[in-house]
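The block underneath contains the structure these notes are about, expressed in structure tokens.
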Amino acid sequence: MSRLSPPPRPVAVRGPSADAPPAVRSFLIGGQLHRPLTLTVADLRARWPQRHAPVVFDCATNGPQHHTFDGPLLRDVLDEAGPAFDARRRKDRSRFLLTVTGGDGHHTVLSWAEIDADFGNAPILLATALDGEPLDAAGSQLVVPSDRCGARYISAITRIWVGPCPEPRER
Ligand SMILES: Nc1nc2c(c(=O)[nH]1)N[C@H]1C(S)=C(S)[C@@H](COP(=O)(O)O)O[C@H]1N2
Ligand SMILES: [Mo]
């Protein structure tokens, strides 16, 4: 064993991205769609009309949260992706589901009917800004103004899946 201690490590270890611009997060919209999409927050801002939503939601651990969000309607974005249902048939649309997944794996389920103008017509957003701060680096966040609780406000969205509910069968 050497009595010499190992040479000190360099104090400031600069990663390869130290001088690079922050990574631009993109997320996937896939599933049973005619036109799957890969989008950034900048795309969400540039390609669809923006809504503004002051919201309050309750968190089981932190209590009530007050925020404002900006961003397009989830329905408008998904309309461009083209879910593989017959858009003229309400019963066909009413069988579709969505999952929204965050960067930490937290994910939630919505039904198509929640956002469909013929059913729940909920103004659910894909946020481009939180309290006026752009979400380009953090990633988009799901905004569910009609929810009392914050658990579906999925942040750092990485993936949205759209597809039909499997046909229920008797055991
Ligand atoms: N990706 C991701 N999004 C999430 C969560 C999470 O754990 N992961 N927690 C949810 C919950 S429980 C709440 S109340 C809201 C707000 O949480 P925050 O106050 O910690 O931001 O974010 C929601 N979005
Ligand atoms: Mo929460």
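Every value quoted in this text rests on a predicted model; they were computed, and no experiment measured them. Each ligand, and each atom within it, is numbered from 1 in the order the structure gives. Each residue takes its place number in the sequence, starting with 1.
Each of R75, R88, R90, R89 was evaluated against D118; a single residue qualifies, R90, per the salt bridge (charged side-chain N to carboxylate O under 4.0 Å, His left out) test. Partner D70 forms a side chain to side chain donor-acceptor pair (under 3.5 Å) with one of H52, Q50, R45 and no other, that one being H52.
Below 3.5 Å of separation, one finds no N or O of D58 facing any N or O of ligand 1.
Nearest protein heavy-atom contact of atom 13 (C) of ligand 1 is G150 O, 3.3 Å. Looking only at protein heavy atoms, the nearest one to atom 12 (S) of ligand 1 is A151 CA, 3.8 Å. Annotation: atom 9 (N) of ligand 1 to nearest protein heavy atom, H106 CD2, 4.1 Å. Here the protein heavy atom with the shortest distance to atom 24 (N) of ligand 1 is Y153 O, 2.7 Å. Looking at atom 18 (P) of ligand 1, its nearest protein heavy atom turns out to be N62 ND2, 4.5 Å.
Atom CG in L44 sits 10.0 Å away from atom CG in L74 (nearest 0.5 Å). Note that OG1 of T128 and CG of D136 are 8.0 Å apart. Values are rounded to the nearest 0.5 Å.
Residue pairs meeting the ring pair (Phe, Tyr, Trp, His ring centres under 6.0 Å) criterion with at least one member in residues 93-132, sequence neighbours excluded, are F85-F96, F85-W112.
Distance remark: protein heavy atom present below 4.0 angstrom from atom 22 (O) of ligand 1.
Looking at Q65 against ligand 1, only its side chain comes within 4.0 Å, counting heavy atoms.
Residue contacts with ligand 1: A156 is excluded, as none of its non-hydrogen atoms falls under 4.0 Å.
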